[in-house]
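What follows is a single structure, written as structure tokens, with notes after it.
To find a chain, count down the sequence lines: A is the first, B the second, and so on, and within it residues start at 1. Quick caveat: nothing in here was measured; it's all calculated off a predicted structure.
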Protein chains: 2
Amino acid sequence: MDPPKYRRKGALVTSPAVSSRDLPHPEVAEIRLESVLHALADPMRLRIVRELAAGGGELSCSYFDLPVTKSTTTHHFRVLRESGVIRQVYRGTAKMNGLRRDDLDGLFPGLLGALLDAAARQTARDLGDG
Amino acid sequence: MDPPKYRRKGALVTSPAVSSRDLPHPEVAEIRLESVLHALADPMRLRIVRELAAGGGELSCSYFDLPVTKSTTTHHFRVLRESGVIRQVYRGTAKMNGLRRDDLDGLFPGLLGALLDAAARQTARDLGDG
DNA sequence: ACCGTACTACGATGGCTATCGTACGAAGCA
DNA sequence: TGCTTCGTACGATAGCCATCGTAGTACGGT
């Protein structure tokens with residue numbers, strides 16, 4: 001392999017920007033409600049977000065035991081990141097994920113809470129209520 | 001044409017159930033959060049829902065002046081109905097649409113309000129805030 | 001230098017979906 | 001009995017997307 005390559009979607013760079021790879025996140029002003037809803041409309045991603053909310057801090061991708069392959073898991077995390085729902089950062093070999101709760105609450109007050117509450121209610125209902 | 005036909009997706013019936021055609025709606029217990037989010041993740045449908053919320057009562061399909069053809073409009077209304085977001089009923093030649101606000105508030109308290117508020121905030125932001 | 005773990009990029013694939021155009025059905029009215 | 005308005009069904013199409021498998025990169029440890 002000639003020069004070291006850090007390829008991403010056709011781009012070819014000779015060195016990473018920082019020691020850790022950095023991931024593109026939308027600015028707060030770029031976050032679109034439709035994208036957030038689309039991201040959360042997928043059962044797998046809604047589940048990820050719920051676990052993130054329950055977990056409190058940051059969780060690694062491998063923490064999640066999803067019934068899909070790792071490539072699919074990567075895909076879902078990327079959708080969540082690119083829609084502005086989560087923030088991702090590399091820490092060693094792991095990739096830590098955290099909800100962008102403050103950003104979302106600033107943009108859409110009460111939305112995230114209502115969504116998490118709605119998801120919890122639906123789960124309770126699915127389990128036969130009480 | 002031989003016998004009168006009321007076809008719907010392969011089914012062939014000899015007479016309508018009632019004088020007005022009736023449309024299938026999900027029961028409250030059948031409404032899924034993911035489906036609601038998916039329905040609202042589309043800009044056209046989110047717009048419809050916002051206008052319905054602003055309009056208060058029921059609005060006919062033709063009330064909306066959407067930048068798509070009529071068949072596409074029909075499609076969007078059907079997605080909204082089948083996800084449980086709106087209720088549709090024929091009144092003469094018109095088809096009236098109403099938000100299922102009570103049903104949704106019962107299932108997911110605060111969700112619809114938070115969504116509508118979020119959409120309003122985003123619109124205000126798009127217009128340059130103030 | 002080597003290995004293992006964590007995650008990615010890429011290509012393929014099948015399914016869903018937003019859109020259109022055309023043709024038609026139902027209701028009301030002249 | 002037509003005519004008009006409102007909305008539907010159907011087929012086609014193009015784009016998106018959730019999923020997979022394979023091959024590969026990055027980092028930390030041995």
Name each donor-acceptor pair under 3.5 Å that joins a side chain in residues 54-62 of chain A to protein atoms two or more places apart or in another chain, with its distance.
{"unit_1": "A/Glu58", "atom_1": "OE1", "unit_2": "A/Arg91", "atom_2": "NH2", "d": "3.0"}
{"unit_1": "A/Ser60", "atom_1": "OG", "unit_2": "A/Ser62", "atom_2": "OG", "d": "3.1"}
{"unit_1": "A/Ser60", "atom_1": "OG", "unit_2": "A/Tyr63", "atom_2": "N", "d": "3.3"}

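Partners of A/Asp65 according to the salt bridge (charged side-chain N to carboxylate O under 4.0 Å, His left out) rule, which considers only residues two or more places apart in sequence or in another chain, do not exist here. Judged as a side chain to side chain donor-acceptor pair (under 3.5 Å), and not counting sequence neighbours, the contacts of B/Thr123 are B/Arg50. For B/Arg87, the salt bridge (charged side-chain N to carboxylate O under 4.0 Å, His left out) test picks out B/Asp103, with sequence neighbours left out. Contacts of A/Arg125 classified as salt bridge (charged side-chain N to carboxylate O under 4.0 Å, His left out), with partners at least two apart in sequence or in another chain: none.
Checking D/dT5, C/dT17, D/dA18 against every side-chain atom of B/His75, the shortest atom distance belongs to C/dT17. When the nucleotides D/dG7, C/dA6, D/dT5 are ranked by their closest atom to the side chain of B/Cys61, D/dG7 comes out on top.
Atom CE of A/Met96 and atom C1' of D/dC27 are 15 Å apart (whole Å). We find that CZ of A/Phe77 is positioned 16 Å from C1' of D/dT19, with the value rounded to whole Å. If you measure from atom CD of B/Glu82 to atom C1' of C/dT17, you get 13 Å, rounded to the nearest angstrom. Rounded to an integer number of Å, the gap from CD of A/Gln88 to P of D/dA26 is 18 Å. In this structure, A/Arg78 atom CZ and D/dC16 atom P are separated by 14 Å, rounded to whole Å. One can place OH of A/Tyr63 at 17 Å from C1' of C/dA6, the figure rounded to the nearest angstrom. Following rounding to the nearest Å, A/Leu80 (CG) and D/dC17 (P) show an atom-to-atom distance of 13 Å. Between B/Leu66 atom CG and C/dA18 atom C1' there is a gap of 13 Å when expressed in whole angstrom units.
Listed by residue number, the members of residues 45-59 of chain A with any heavy atom below 4.0 angstrom from DNA chain C form an empty set. Scanning residues 31-44 of chain B for heavy-atom distances under 4.0 Å to DNA chain C yields B/His38, B/Asp42, B/Met44.
Among pairs with a residue in residues 65-86 of chain A, those fulfilling ring-ring contact (aromatic ring centres under 6.0 Å, His included) read A/Phe64-A/Phe77, at least two apart in sequence or across chains. Residue pairs that meet the ring-ring contact (aromatic ring centres under 6.0 Å, His included) test with at least one member in residues 21-54 of chain B, sequence neighbours left out, do not exist here. Among residues at least two apart or in separate chains, salt bridge (charged side-chain N to carboxylate O under 4.0 Å, His left out) pairs with a member in residues 106-120 of chain B are B/Asp117-B/Arg121.
Within 4.0 Å (heavy atoms only), B/Thr74 reaches at least one base atom of the nucleic acid.
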What N/O pairs connect the protein and nucleotides 20-23 of chain C at under 3.5 Å? Give each pair on its own line.
{"unit_1": "C/dC20", "atom_1": "OP2", "unit_2": "B/Thr69", "atom_2": "N", "d": "2.7"}
{"unit_1": "C/dC20", "atom_1": "OP2", "unit_2": "B/Thr69", "atom_2": "OG1", "d": "3.1"}
{"unit_1": "C/dC20", "atom_1": "OP2", "unit_2": "B/Thr72", "atom_2": "OG1", "d": "2.9"}
{"unit_1": "C/dG21", "atom_1": "N7", "unit_2": "B/Ser71", "atom_2": "OG", "d": "3.3"}
{"unit_1": "C/dG21", "atom_1": "O6", "unit_2": "B/Ser71", "atom_2": "OG", "d": "3.1"}

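Looking only at side-chain heavy atoms (C-beta outward), A/Ile31 and A/Arg100 come within less than 4.5 Å of each other.
Residue A/His76 places at least one side-chain N or O closer than 4.0 Å to OP1 or OP2 of D/dT19. An OP1 or OP2 oxygen of C/dC7 is reached within less than 4.0 angstrom by a side-chain nitrogen or oxygen of A/Ser62.
Residue A/Val89 is found in a hydrophobic cluster whose other members, listed by chain and number, are A/Met96; membership requires side-chain heavy atoms under 4.5 Å apart, directly or through intermediates.
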Derivation of the side chain to side chain contact (heavy atoms under 4.5 Å, CB included) call for A/Leu104 and A/Leu111 | CA-CA 8 Å; A/Leu104 291 174; A/Leu111 179 61; over 6 Å; no

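For the side-chain contact (heavy atoms from CB on, under 4.5 Å) with A/Ile48, the qualifying choice from A/Leu99, A/Leu80, A/Asn97 is A/Leu80, the only one to do so.
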